[in-house]
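Here the structure is laid out as structure tokens; the discussion comes afterwards.
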Amino acid sequence: MESFPSTPEELSLAITAATGLDGITHMRRLTGGASRETWSFQVGNEQRIIQRQRLTSPRDMHVEVGVLEAAYAAGVPVPRVLASSRDLVGENPVGTQFMIVTAFEGETIARKILRDEEFASARKTLPAQFGTALGKLHRINSEVPGLEDVDQIAFYKEHLRDCGQSHPAFEIAFRWLDENRPPIGRRCLVHGDFRMGNLIIGNEGLRAVLDWELAHIGDPAEDLGWLCVRAWRFGGGQPVGGIGAYEDLLEAYGEASGEYISLETLRWWEVLGTVKWGLMCISQAAYHLTGSVRSHELAAIGRRVCENEYDALLAIRELKNGKGTTRV
Amino acid sequence: MSELHDPPTAQQLVESVREWLETDVFPQVEGRLQFHTRVAMNVLAMVERELELGEEQNENYAAGLAAFQCNSEAELAEKIRTGALLSKESEVEEFVLNSVREKLRVANPKYLRDE
């Protein structure tokens with residue numbers, strides 16, 4: 001096997017060899033997640049980002065390249081893909097799958113976006129911008145290779161079966177979800193993790209939607225419901241990302257997509273998203289408990305499962321009583 | 001009931017470490033380490049609450065499960081899944097919601113809100 005470029009110098013040379021992109025400076029590593037690493041660099045005055053898959057990651061980054069290109073073409077604010085390993089012929093000097101994208105300045109930390117004065121005017125426009133961005137995304141009708149259509153209910157029921165724990169609250173939630181499932185309608189490309197933390201925000205509003213790793217084919221309302229899950233409100237008092245009313249999101253979404261989703265449908269997806277995040281908390285704690293990563297932070301997430309049980313049960317009670325979908 | 005162990009109690013020991021993190025460590029660190037220190041303080045506070053409340057909560061939970069002819073939580077989950085408790089649906093839901101509230105009293109009491 002060829003040597004795996006791991007220092008900034010080696011990676012810069014490898015990128016030039018792979019893509020012909022010359023004059024790379026300021027190469028520095030930003031993060032190393034579980035599945036990929038992210039580096040930033042400059043070409044002249046332009047800021048660039050390279051994401052590189054880990055050797056052990058099972059994901060196919062080329063699916064995400066296709067998703068980003070489709071979203072960009074549809075006018076969704078996303079990083080533009082400048083080069084990727086998908087388009088290489090022959091050897092890949094970078095070592096594993098990679099993509100080079102444009103960089104954005106801005107804030108991703110929800111706590112700051114929700115509370116800092118500099119985002120005060122952005123907070124007024126963001127809920128509608130979220131709706132517009134999702135509306136454009138869900139209107140994409142070109143086919144992106146490699147995306148799976150995942151039935152969210154079946155998938156997460158199985159997750160609960162297989163997690164090795166019992167959660168009566170989630171059983172109640174799944175029962176309600178089954179009984180109240182909106183008719184299965186149009187399927188489209190969904191982001192899969194559209195929420196604060198994965199969005200770059202400037203003082204004027206939404207700049208870019210990041211983290212497309214979980215994109216799949218699904219129900220358009222899935223992305224809207226997920227954005228309203230209480231965990232993604234980060235303590236904010238309003239349902240849409242902590243800063244906006246349901247109606248602001250739904251109206252902007254309807255205008256951009258031509259498809260008006262009802263509040264009932266949105267809230268059904270919010271309940272499913274709440275259960276889903278609860279199950280994901282179980283998985284996070286399991287990384288610690290099974291010893292694959294030792295971390296008190298991950299361990300503590302296991303005790304956040306009940307926050308989601310609470311939110312799901314209260315939302316269901318509210319919706320059963322006919323509250324929670326009345327417009328104010 | 002007699003205790004084998006000498007004072008301090010487990011709760012007091014954990015409390016002492018949490019207080020040390022709060023007063024000596026937290027103000028001295030920043031960034032990621034500060035965040036992880038805060039997480040550690042929260043975890044210890046949770047353990048203190050569980051040591052205080054846990055035993056009684058477990059007893060109450062077992063008694064509540066028994067009222068629905070369940071020997072374990074897993075059995076209750078199974079009965080809800082299969083619909084075996086549909087005739088007592090609202091009682092079951094109230095019991096489960098209440099048990100979730102009890103979990104939050106330990107895990108994160110601030111999360112409980114006006115219902």
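In this text, all values refer to a predicted model and were calculated from it rather than measured experimentally.
- The greatest number of non-hydrogen atom pairs below 4.5 Å with chain B, out of A:R304, A:H167, A:E307, A:E297, is found for A:E307.
- By a heavy-atom distance cut of under 4.5 Å, A:P168, A:A169, A:E171, A:I172, A:R175 are the residues of residues 168-179 of chain A near chain B, going up by number.
- For B:T82, the part sitting under 4.5 Å from any heavy atom of chain A is the backbone (N, CA, C, O) and nothing else.
- Proximity to chain A is absent for every atom of B:L65, based on heavy atoms less than 4.5 angstrom apart.
- Taking chain B as the reference chain and counting heavy-atom pairs below 4.5 Å, the highest number among A:E309, A:K157, A:E318, A:Q165 is found for A:E309.
- Contacts of residues 26-45 of chain B with chain A at a heavy-atom distance below 4.5 Å involve B:R32, B:F35, B:H36, B:V39, B:A40, B:V43, listed in sequence order.
- Taking 4.5 Å as the limit, every side-chain heavy atom of B:K103 sits out of range of all side-chain heavy atoms of A:Y310.
- Heavy-atom distances place the side chain of A:R317, and not its backbone, under 4.5 Å from chain B.
- In the displayed structure, B:Y111 atom OH is contacted under 6.0 Å by more than 12 heavy atoms of other residues, nucleotides or ligands.
- By the 4.5 Å heavy-atom criterion applied to side chains, B:R81 and A:R161 are counted as neighbours.
- Of the listed residues (B:V92, B:V106, B:V100), the greatest number of heavy-atom pairs within a distance under 4.5 Å of chain A belongs to B:V100.
- With values rounded to the nearest 0.5 angstrom, B:E102 atom CD is found 11.0 Å from A:C306 atom SG.
- Expressed to the nearest 0.5 Å, how far CZ of A:R303 lies from CG of B:L104 amounts to 11.0 Å.
- Remark: B:Q12 CD is packed, more than 12 non-hydrogen atoms of other residues, nucleotides or ligands lying under 6.0 Å away.
- For CZ of A:R111, the number of neighbouring non-hydrogen atoms (other residues, nucleotides, ligands) closer than 6.0 Å is 12 at most.
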Exercise. Are B:R113 and A:L314 close enough, and set up right, to give a side-chain contact (heavy atoms from CB on, under 4.5 Å), and what steps lead you there?
Worked result: CA-CA 10 Å; B:R113 54 185 179 267; A:L314 289 191; 3.7 Å; yes
